[in-house]
Amino acid sequence: MTRLTDDDVKSISDTLDELDAMLREKAGRGLKSIACEAAGIPQNMIDPRVFEIAVVPITSGLGVISRFSESVRDACKWLGFDAYVTEGTDVTGFAEAVDRKASMIFMADDYQYVAYNTAANRQADNSTGTAMGYVACLDASAGGVRGKEVLILGAGRVGSRAARLLRDKGADVVIADIDKPKAEAVAASVPGISVADDIDSAISSHDLILNASPAHVSSYLIRDGAIISSPGVPHTFDEAAYAKATIIHDPLVIGTAAMLMMSASYSQHGIKR
Ligand code: 2YJ
């Protein structure tokens, strides 16, 4: 799994309005609407005022990413939730969040990023949130994916979850990975999915792409008018790619917002999961 860098997150807090505007332009819906759609809940079912979110910086493994916790906090606040970063890190920060009766606790190490709903004793994980968020973006931008062919690049945690979600939405899913057996394993576990033989020709023959890989996609392969919903980091699409295609990307917020709504829905009155 690709780890975010200080650079990936440094301007997130200051660009949340821009992200919302980008989504409105490219997907026809704002961040909150995409996040609720992704989590499968109506927007008015979540009352952000009843939640208090603690974000705990985690120093284990490769350590704290500068402004990661603050970016998560600010994204939650932007969505109308009360949120703070704990003073302590790791177990000390977790204990602080519990003492302050946080209703959700967000924390990420190098492998997992979760939103733990304390009342429901359930967590939403970011790979699922990211897959849900970017599938919702692709679906909204394409005017629905039902009956359309969608290429997924990357058969990792996000790509494999996206495969199932897109299939559930009635898309014809083709999956590609440089590690072909990985793509074949996803195809074997999700009925009706096929595996691309050649990645480059798959890219140049698809109008709808969900890019859940860290690989560089060369602009000359991209079709004019393609829609690329792209959680993959690093994000290396160049100007030529942006000129040809509608590309939806942010390094953290779309996945965080979907995960937040999913976690909130576990304890919100009136929603049964
Ligand atoms: O608390 C911190 O600042 C760090 N421990 C954050 C680590 C962030 N984790 C990652 O970047 C992992 N690769 C998981 C991210 C999932 C994003 N979809």
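We count ligands from 1, going down the list as the structure has it; atoms in each ligand are counted the same way. Just so it is clear, the model here is predicted, and its values are computed rather than measured.
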- Pairing of Asp74 and Lys77 as salt bridge, 4.0 angstrom limit: no
- One finds that the ligand 1 atoms under 4.0 Å from a non-hydrogen atom of Leu4 are 11 (O)
- Check each heavy atom of Val158 against ligand 1 and say whether those closer than 4.0 Å belong to the side chain, the backbone, both or neither. neither
- side chain to side chain contact (heavy atoms under 4.5 Å, CB included) test vs Arg223 passes for just one of Asp207, Leu208, Ile203, namely Asp207
- Which side chain to side chain donor-acceptor pair (under 3.5 Å) pairs, counting each pair once, include a residue from residues 128-149, with sequence neighbours left out? Asp125-Thr128, Asn126-Thr130, Thr128-Arg161, Tyr134-Asp250, Glu149-His206
- Query: ring-ring contact (aromatic ring centres under 6.0 Å, His included) between Phe68 and Tyr113: does it pass, once the steps are laid out?
  - Reply: CA-CA 11 Å; Phe68 178 87; Tyr113 171 26; 5.4 Å; yes
- Task: Check if Gly255 has a non-hydrogen atom at a distance under 4.0 Å from any atom of ligand 1.
- Result: no
- Does a side-chain N-to-carboxylate-O contact under 4.0 Å join Arg67 and Asp14? no
- Query: Does the pair Arg164/Asp168 count as a salt bridge with the N-to-O cut at 4.0 Å?
  - Reply: no
- Note on the structure: Under 4.0 Å between heavy atoms, the region of Asn126 that gets near ligand 1 turns out to be side chain
- Item | Proximal ligand 1 atoms for Pro57, defined as those under 4.0 Å from one of its heavy atoms | 1 (O)
- Task: Mark up the atoms of ligand 1 that fall under 4.0 Å of a heavy atom belonging to Thr130, in ascending order.
- Result: 18 (N)
- Which residue from Val56, Thr89, Asp125, Ile58 reaches closest to atom 2 (C) of ligand 1 through any of its heavy atoms? Ile58
- Item | Asp110: numbered ligand 1 atoms lying under 4.0 Å from its heavy atoms | 12 (C), 13 (N)
- ligand 1 atoms in contact with Gly63 (distance to a heavy atom under 4.0 Å): 4 (C), 5 (N)
- Do any nitrogen or oxygen atoms of Asp109 come within less than 3.5 Å of a nitrogen or oxygen of ligand 1? yes
- Looking only at non-hydrogen atoms, the one of Gly93, Ser127, Ala108 nearest atom 5 (N) of ligand 1 is Ala108
- Please report the closest heavy-atom contact between Ala257 and Leu31, naming both atoms and the distance. CB-CD1, 3.9 Å
- Message: Suppose the criterion is side chain to side chain donor-acceptor pair (under 3.5 Å): which pairs have a residue in residues 191-204, not counting sequence neighbours?
- Response: Lys180-Asp197, Asp198-Ser201
